[in-house]
Amino acid sequence: MSTFQDLVADHCIPVQPGQAPLSDDLAQGLLVALEGWVRGADNDIEKAFSFPDFLSALAFVNAIAGIAEEQGHHPDLYLGWGKVSVSLTTHDVGGLSRADFVLAAKIERYAQMSGQN
């Protein structure tokens, strides 16, 4: 089972053609390492973050965009006044891949380091 630090240290690896999504058991085992993240209804993992204002939330979205570009794996982001929701899934496998959990850990680490958690 991977720890939070294992996931943070990893890099998002592109999925291979025909690769299957993670099993529910494996996905649940990885989810345990991510504080506050939950399984969503759309074969994804999600977390909502709160901020004191719109500009702080926007700055967080911009930081996540940089992390996502560096990793080559991109979340769905929902920005509102004082809130950001992050959703991760791997469309190419029709569900979750390890890359979703790696990127979630990197986002979580950024949130912790910037006091947004």
Side-chain angles (χ1 to χ4, degrees):
M1 177 159 59
S2 295
T3 67
F4 177 73
Q5 291 304 327
D6 293 335
L7 292 170
V8 167
D10 208 348
H11 187 81
C12 293
I13 298 171
V15 297
Q16 300 300 310
Q19 183 175 329
L22 296 177
S23 69
D24 285 341
D25 288 342
L26 187 51
Q28 192 58 40
L30 291 170
L31 189 61
V32 170
L34 299 171
E35 184 179 334
W37 289 78
V38 298
R39 288 287 297 268
D42 295 325
N43 291 323
D44 63 352
I45 54 174
E46 310 172 335
K47 184 168 182 180
F49 296 86
S50 297
F51 301 87
D53 54 45
F54 183 79
L55 288 178
S56 298
L58 179 59
F60 186 70
V61 165
N62 288 332
I64 290 173
I67 295 166
E69 281 296 305
E70 177 184 283
Q71 293 297 308
H73 192 64
H74 302 90
D76 290 330
L77 302 170
Y78 304 94
L79 169 66
W81 193 97
K83 61 185 174 186
V84 173
S85 295
V86 180
S87 173
L88 287 158
T89 191
T90 302
H91 301 286
D92 290 343
V93 300
L96 294 167
S97 72
R98 183 173 175 85
D100 298 311
F101 294 90
V102 168
L103 185 55
K106 291 179 182 300
I107 292 168
E108 189 65 29
R109 180 187 62 182
Y110 175 79
Q112 291 171 358
M113 290 173 46
S114 62
Q116 301 302 327
N117 197 13

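We're numbering straight along the sequence, starting at 1. What you see below is based on every heavy atom in this structure, not just the backbone, and it leaves out hydrogens, waters and symmetry mates.
- Side-chain contact between Leu31 and Leu96 is absent, with no heavy-atom pair separated by less than 4.5 Å.
- Summarising the geometry, atom CD belonging to Gln16 is positioned 10.5 Å from atom CG belonging to Asp92; distances are rounded to the nearest 0.5 Å.
- Looking only at side-chain heavy atoms (C-beta outward), Tyr78 and Lys83 stay at 4.5 Å or farther from each other.
- Using cut-offs of 30° and 60° on the angle between ring planes, the pair Phe60 and Phe51 is tilted.
- You'll find the side chain of Trp37 stays beyond 4.5 Å of the side chain of Asp100, heavy atoms only.
- In this structure, Ser87 OG and Ile45 CD1 are separated by 8.5 Å, a value rounded to the nearest 0.5 Å.
- To the nearest 0.5 Å, atom CG of residue Asn43 and atom NE2 of residue His91 are 10.5 Å apart.
- Taken together through direct or relayed side-chain contacts under 4.5 Å among Ile, Leu, Val, Met, Phe, Trp and Tyr, Leu22 and Val93 form parts of separate hydrophobic clusters.
- In this structure, Leu88 CG and Leu77 CG are separated by 8.0 Å, a value rounded to the nearest 0.5 Å.
- With contacts defined as side-chain heavy-atom distances shorter than 4.5 Å, the pair Leu30/Arg98 qualifies.
- Pairing each heavy atom of Arg109 with each of Phe4, the nearest pair is N-CZ, 3.9 Å.
- The same ILVMFWY cluster, assembled from side-chain heavy atoms under 4.5 Å apart, contains both Val84 and Leu58.
- For residues 49-78, there are no salt bridge (charged side-chain N to carboxylate O under 4.0 Å, His left out) pairs, not counting sequence neighbours.
- Looking only at side-chain heavy atoms (C-beta outward), Val86 and Ile64 come within less than 4.5 Å of each other.
- Closest of all the heavy-atom pairs between Leu7 and Ala33 is CD1-CB, 4.0 Å.
- Between the CG atom of Leu26 and the CZ atom of Phe101 there is a distance of 7.5 Å, given to the nearest 0.5 Å.
- For Lys106 (side chain) and Asp10 (main-chain N/O), a donor-acceptor pair under 3.5 Å exists by modelled atom type.
- Note: Glu108 CD to Leu103 CG = 11.5 Å, rounded to the nearest 0.5 Å.
- When all heavy atoms of Gly80 and Ala57 are compared, the closest pair comes out as O-CB, 3.9 Å.
- Shown here for Ala99 and Cys12, the closest heavy-atom pair between the two residues is O-SG, 3.5 Å.
- Summarising the geometry of Lys47 relative to Gly36, their closest heavy-atom pair is CG-O, 3.8 Å, with the distance given to 0.1 Å.
- Pairs passing the salt bridge (charged side-chain N to carboxylate O under 4.0 Å, His left out) check and including a residue from residues 21-31, sequence neighbours excluded, read Asp24-Arg39.
- Heavy-atom minimum distance, Phe49 versus Ala111: CE2-CB, 3.7 Å.
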